[in-house]
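Inspection log for the structure reproduced underneath, given as structure tokens.
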Amino acid sequence: MDSRLEGIRDTVLARNPGEKEFHQAVIEVFESLGPVHDRHPEFLEGAVLERLCEPERQIIFRVPWTDDAGRVHVNRGFRVEFNSALGPYKGGLRFHPSVYLGIVKFLGFEQIFKNALTGMPIGGGKGGSDFDPRGRSDAEIMRFCQSFMTELYRHIGEYTDVPAGDIGVGGREIGYLFGQYKRITNRYESGVLTGKGISWGGSLVRPEATGYGTVIFAQEMLKTRGQSFDGQRVVVSGSGNVAIHAIAKAQSLGATVVACSDSAGYVVDEAGIDVELLRHIKEVERGRLTEYAARRGGATHVTGGSVWDVNGTVALPCATQNELDGDAAAKLVSNGLIAVAEGANMPSTREAVSVFHEAGILFGPGKAANAGGVATSALEMQQNASRDSWSFEHTEQRLTEIMVGIHDRCAATADEYGAPGNYVVGANIGGFVKVADAMLAQGLI
Ligand code: NDP
Ligand code: 2IT
């Protein structure tokens with residue numbers, strides 16, 4: 001790391017003790033930014049990095065709710081409004097038992113750069129709760145969401161902060177959250193949340209957007225080496241919103257997706273994952289991957305283990321942070337890997353990213369490769385602002401243009417700063433310069 005940034009990094013780590021995922025995200029960005037500060041001394045003079053690492057506002061609140069048996073539970077709710085230089089805070093809500101401030105801050109920090117790369121007018125934020133939705137009835141989920149929004153509503157708004165989904169938060173939860181916001185405020189403010197149902201202000205393509213966008217980004221990387229998805233053997237982690245649509249898109253481009261996973265294990269299906277069956281089990285029945293293997297002839301389920309033991313030419317990690325470590329990366333490389341695009345946020349550890357770079361693997365970091373979800377959220381906000389709704393084809397075309405644009409900007413920025421082919425450098429510098437310029441233009445805030 002550039003020696004001018006080391007002291008700033010040390011201060012950030014010391015000010016935020018115990019938040020290891022946030023530290024990891026900050027260090028990874030700082031490692032790219034040395035050359036920017038050679039060209040832009042004004043960023044150091046204006047203490048841009050010090051300001052960028054301190055969220056503009058952090059909200060932590062109690063979320064009490066009752067289960068179906070009438071027992072009272074208390075969870076913790078978070079919203080970190082990280083940076084509004086480019087637009088209202090924008091980013092998802094995650095409901096998962098592992099959520100604590102360090103996870104919300106890593107996600108919010110990444111979101112600043114990701115949102116800048118989309119070229120849309122959106123700042124960065126993130127939120128969520130340590131609530132575990134697993135095994136909860138619809139009525140329990142609804143009561144939790146209503147309680148969560150009963151505090152959150154006072155902090156958000158179309159021009160202030162616009163949450164959406166993430167792990168454990170999909171269309172059902174956004175519905176309950178929107179209903180409660182409307183009830184408390186007496187405003188049909190469509191633009192306050194994205195990922196809404198299509199009949200009440202949602203956008204076509206938003207459910208598919210992250211997974212589709214990740215595959216479009218990967219396809220652009222493959223093109224730089226004269227390759228495509230056609231005939232690739234793809235391994236995907238996760239089996240949620242992002243994974244399902246990444247699988248569908250990769251297969252529509254001629255690839256065979258031979259494996260996917262959940263937190264209990266993974267399935268191998270050499271014939272190619274049956275997306276409709278997977279979608280039905282996961283989204284309609286809210287079941288487990290063991291069900292998939294039980295119903296699909298030829299597929300096998302492995303309990304525990306690592307999906308990265310399955311060999312493939314393209315890997316799409318679409319589950320969660322730090323799910324792909326240095327050993328897994330080395331194994332993938334020795335098994336014939338050529339490309340990785342991150343559908344999840346920070347799924348590869350720093351060691352894994354080093355392994356990929358040293359082996360000359362095409363590597364698309366999450367803040368670039370999974371930006372299609374939030375970009376389509378911004379398209380949903382545009383439709384809401386103009387009280388319009390666009391066709392699937394038009395919206396998908398916009399998503400494709402945005403993803404190709406992000407790919408090309410990352411590649412051009414990496415070239416410009418002397419790191420050709422390094423999409424991590426391209427994404428970090430590309431996102432950072434845009435936000436830094438806007439922060440300086442807006443004065444000391
Ligand atoms: P979902 O809740 O729909 O699916 C999450 C998937 O990841 C499930 O298969 C889940 O398995 C698995 N998973 C979650 N946590 C863990 C864990 N700790 N260990 C192992 N597996 C885990 O979430 P999404 O598909 O929406 O999100 C997946 C990733 O994509 C996240 O990193 C998210 O931040 C990122 N992302 C999401 C976007 C979106 O628009 N939804 C946009 C950009 C990025 P199980 O069911 O067993 O828990
Ligand atoms: O990580 C992400 O970009 C998301 N979970 C989507 C955020 C959004 O506002 O659509």
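The residues of the chain are indexed from 1 along the displayed sequence. Remember, it's 1-based here, ligands and their atoms both numbered in the order they're listed. Keep in mind it's a predicted model, so treat the numbers as computed, not measured.
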Can you list the ligand 1 atoms lying under 4.0 Å from a non-hydrogen atom of Gly238?
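Answer for ligand 1: 9 (O).
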
Minimum-distance protein heavy atom relative to [atom]:
atom	value
atom 6 (C) of ligand 2	Arg206 NH2, 3.5 Å
atom 13 (N) of ligand 1	Ala319 CB, 4.1 Å
atom 6 (C) of ligand 1	Gly240 N, 4.0 Å
atom 19 (N) of ligand 1	Thr320 CG2, 3.8 Å
atom 7 (C) of ligand 2	Gly92 N, 3.5 Å
atom 37 (C) of ligand 1	Val242 CG2, 3.5 Å
atom 9 (O) of ligand 2	Lys90 NZ, 2.7 Å
atom 33 (C) of ligand 1	Asp166 OD1, 3.2 Å

Charged N to carboxylate O under 4.0 angstrom, [X] versus [Y]?
X	Y	value
Glu28	Lys367	yes
Asp130	Arg76	no
Glu283	Arg286	no
Asp262	Lys282	yes

Counting both backbone and side chain atoms, is some N or O of Lys126 under 3.5 Å from an N or O of ligand 1?
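N/O-N/O distance under 3.5 Å: no.
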
I need the contact type for Asn345 against ligand 2. Using non-hydrogen atoms and a strict under-4.0 Å cut-off, is it side chain, backbone, both or neither?
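Side chain only; the backbone of Asn345 stays clear of ligand 2.
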
For [atom], tell me which residue out of [options] has the closest non-hydrogen atom.
atom	options	result
atom 8 (C) of ligand 1	Gly128, Gly287, Ser239, Ser237	Ser239
atom 2 (O) of ligand 1	Gly165, Gly168, Gly372	Gly168
atom 26 (O) of ligand 1	Val236, Asn241, Thr194	Asn241
atom 44 (C) of ligand 1	Gly343, Gly373, Ala344	Gly343

Atom 17 (C) of ligand 1 touched by protein (heavy atom, under 4.0 Å)
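Yes, there is a protein heavy atom closer to it than 4.0 Å.
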
Over 12 foreign heavy atoms within 6.0 Å of CZ, Arg154:
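More than 12 heavy atoms, drawn from other residues, nucleotides or ligands, come within 6.0 Å of this atom.
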
Just wondering, more than 12 heavy atoms not from Arg187 lying within 6.0 Å of its CZ?
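12 or below, so no.
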
Of all the atoms in ligand 2, which lie at a distance below 4.0 Å from a heavy atom belonging to [X]?
X	answer
Gly91	7 (C), 9 (O)
Lys126	1 (O), 2 (C), 4 (C), 5 (N)
Lys114	1 (O), 2 (C), 3 (O)
Ser377	8 (C), 9 (O), 10 (O)
Ala164	8 (C), 9 (O), 10 (O)

Using heavy atoms and a threshold below 4.0 Å, how should the contact between [X] and ligand 1 be classified: side chain, backbone, both, or neither?
X	result
His96	side chain
Glu283	neither
Thr210	side chain
Pro347	neither
Arg288	side chain

Return yes when Gly165 approaches ligand 2 closer than 4.0 angstrom through a heavy atom, no otherwise.
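Gly165: in contact with ligand 2 (<4.0 Å).
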
Counting the benzene-type ring for Trp, do Phe131 and Trp65 have ring centres under 6.0 Å apart?
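So the answer is yes for these two rings.
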
Close aromatic pair by centroid cut-off 6.0 Å: Phe356 and Tyr423:
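Ring-ring flag for Phe356/Tyr423: false, centres at least 6.0 Å apart.
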
Under the criterion ring-ring contact (aromatic ring centres under 6.0 Å, His included), I'd like the reasoning laid out for Phe22 against Phe109: C-alpha separation, chi angles, the key distance, then a yes or no.
CA-CA 8 Å; Phe22 178 52; Phe109 186 72; 5.8 Å; yes

Is it true that a side-chain atom of Asn384 and a backbone atom of Gly201 form a donor plus acceptor pair closer than 3.5 Å?
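Yes; judged by distance alone, with no hydrogens or angles, the pair exists.
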
Take every heavy atom of Met346, measure it against each atom of ligand 1, and state whether any distance is under 4.0 Å.
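It does not; every heavy atom stays at 4.0 Å or beyond.
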
